[in-house]
Amino acid sequence: MTAGTDGATTDQGATDGLYVYAVARGAPDDLGTGIDGAAVEQVTARGLTAVVHRHGAAPYSGPDDDVRRWVVEHSDVVDRLWQAADAVLPMSFNVIVAGTSDQPARQRLTSWLGEHAERLDARLAQLAGRGELQVEIGIDQHEAAAGDPRADALRAELESRPPGVRRLLTKRLEQLEREATDALADDLYPALRRRLSATAEEVTETRRAHPPAGVVPVLAVALLVPSDGVERVGGELARVRDEEPAARIRFVGPWPPYSFADLAPTT
């Protein structure tokens, strides 16, 4: 059983399969339905529960609208489990345990839970009562370069120049603003990461969303915080905003600790 390029587990000749949403210490009997209304089931071993639905087909793929809907439906199941359970180890989208001609998927998943029970249980204990926050900070290049004398001189010159020259000066101004903002972003990154790390139990870099036009990204991180730690993070970000008016901050969560699960049912 190996991980596919899309995060799924695959096996040639599979006769059945289980789509895996998350692992927890027990789960409520009714978690609703999963992707495309699939009936959600439980696979248990050594006090651990994997929440799954039967899925003998290929990994989910299709038009972007369908994929977005499936991801939301996946997340809904994980979130319901997270709200009900003491702790949860969420799987990413499209993790599928494949059965083979001589070993059903349920047996393979049960064996994996049993073999890794000590590690999974220890991580669940570390994540109990905790959630993930995601923070992205960028710098608006126009505001960041507002006090630069070179930028001020170019702006003043733009007002008195003909259209053709203004286009060239505008490109020069944008390049100057970008260079100044890139330098500021490099300077801000270490201190901002230290400050955010001090508000969380764990921190990890995440994939940055595409920033709005004119915004230079500084950092994108996931923070693991206890349930009463959200306000602390928000307070620190408010201070960052007050200190750096050009900062553009995106702060979302809490939600299940996807970035801190560190597991997949592979053998």
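Below, each value reflects all heavy atoms present in this structure, side chains not excepted, and no hydrogens, waters or symmetry copies. Just so it is clear, the structure is predicted and the values come from calculations on it, not from any experiment.
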For residues [X] and [Y], is any side-chain donor paired with an opposing acceptor at under 3.5 Å?
| X | Y | result |
| --- | --- | --- |
| Trp255 | Asp79 | no |
| Arg80 | Gln83 | no |
| Gln134 | Glu132 | yes |

So, the side chain of [X] versus the backbone of [Y]: is there a donor-acceptor pair under 3.5 Å, distance only?
| X | Y | answer |
| --- | --- | --- |
| Asn94 | Pro59 | no |
| Arg108 | Ala98 | yes |
| Asp36 | Ala38 | no |
| Arg46 | Glu118 | no |
| Arg248 | Gly138 | no |
| Arg130 | Ala128 | yes |

For this session: Measure the CG-CZ distance between Leu188 and Arg193 for me, rounded to the nearest 0.5 Å.
Result: 15.0 Å

Problem set entry | Aromatic ring pairing Tyr60/Trp70, orientation class (parallel under 30°, perpendicular over 60°, tilted between) | tilted

Exercise. Which word best sums up how the rings of His74 and Tyr258 line up, parallel for under 30°, tilted for 30 to 60°, or perpendicular for over 60°?
Worked result: tilted

For this session: Identify whether the distance between the nearest side-chain nitrogen and carboxylate oxygen of Arg68 and Asp65 falls below 4.0 Å.
Result: yes

